[in-house]
Amino acid sequence: MDNVLTGKQKRFLRSLGSTLDPVVQIGKAGVIDSVVTSAQDVIEVRELIKVRVLQNSPEEPKDAIAALAEAIDAELVQVIGRNGLLYKQNPEKSKIELP
C-alpha cells in the first residue's frame, strides 16, 4: 500500500477497531500461507480486521502482526499486547470512509 495513514485516520480506525473481535489468529506455526490467505479474504470484505497472536506463537506479537501486514499489503494501525489492527482499503467497494 503506497499511501500512509495520517494520525487522524489512525485514531479514527482505532476507535472503530476497539469494538471488533479478532478474526484471524496467528498460532504455533507463525505467519504461514493459510493465515495470510485467511487474512487476505477477510480484509477484502471488512477492510479493518483485528488479529490475535496466540501464546504458542514462536514470534513476538509485534513482529508477527507486522509480517502479516506486509504479506497482505495492509496498513498496521496498532498493536496492543497480543492484538493488532490492520487496515486495507477495498478500492471497489469501500466501506470505511476515512476522515
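Counting from 1, the numbers follow the sequence of the chain as shown.
- For the atom pair CG of L13 and CD of E75, the computed distance is 9.5 Å after rounding to the nearest 0.5 Å.
- Here E97 contributes atom CD and Q9 contributes atom CD; the two are 11.0 Å apart, rounded to the nearest 0.5 Å.
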Requested in this report: Assess whether side-chain contact (heavy atoms from CB on, under 4.5 Å) is satisfied between L86 and L48, documenting all intermediate values.
Outcome: CA-CA 6 Å; L86 302 179; L48 184 67; over 6 Å; no

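- Under the 4.5 Å side-chain heavy-atom criterion for grouping Ile, Leu, Val, Met, Phe, Trp and Tyr, V42 is not connected to V77 through any hydrophobic cluster.
- With contacts defined as side-chain heavy-atom distances shorter than 4.5 Å, the pair S57/K28 does not qualify.
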Requested in this report: Please test L5 against L98 for side-chain contact (heavy atoms from CB on, under 4.5 Å), starting from the C-alpha separation and ending with a verdict.
Outcome: CA-CA 9 Å; L5 296 171; L98 294 175; 3.8 Å; yes

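- Between Q89 and I96, the closest side-chain pair of non-hydrogen atoms is not below 4.5 Å.
- Environment of CZ in R14: crowded, with over 12 heavy atoms of neighbouring residues, nucleotides or ligands closer than 6.0 Å.
- The shortest non-hydrogen separation linking A39 to L68 is CB-CD1, 4.0 Å.
- Just one of L54, V51, I32 meets the side chain to side chain contact (heavy atoms under 4.5 Å, CB included) condition when paired with I26; it is V51.
- In the displayed structure, N56 atom CG is contacted under 6.0 Å by more than 12 heavy atoms of other residues, nucleotides or ligands.
- V36 places a side-chain heavy atom less than 4.5 Å from the side chain of V31.
- Atoms CD and CZ, on Q25 and R52 in that order, are 6.5 Å from each other to the nearest 0.5 Å.
- The nearest pair of heavy atoms linking V53 to E59 is CG1-O, 4.3 Å.
- Across all their heavy atoms, P58 and G27 have their closest contact at CD-O, 3.7 Å.
- Nearest heavy-atom pair across I65 and N83 is CD1-C, 3.7 Å.
- V35 and G30 get closest at one heavy-atom pair: CG2-O, 4.0 Å.
- Here the straight-line distance linking atom CG of N90 with atom NZ of K95 works out to 9.0 Å at 0.5 Å rounding.
- In this structure, S18 and K50 approach most closely via the heavy-atom pair O-NZ, 4.0 Å.
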Report task. Start with the C-alpha distance between K93 and E44, add both sets of side-chain angles, then the distance that settles side-chain contact (heavy atoms from CB on, under 4.5 Å), and finish with yes or no. Result -> CA-CA 9 Å; K93 289 193 315 187; E44 256 181 46; over 6 Å; no

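- Annotation: side chain of L85 is not in contact with side chain of L16 (no heavy-atom distance under 4.5 Å).
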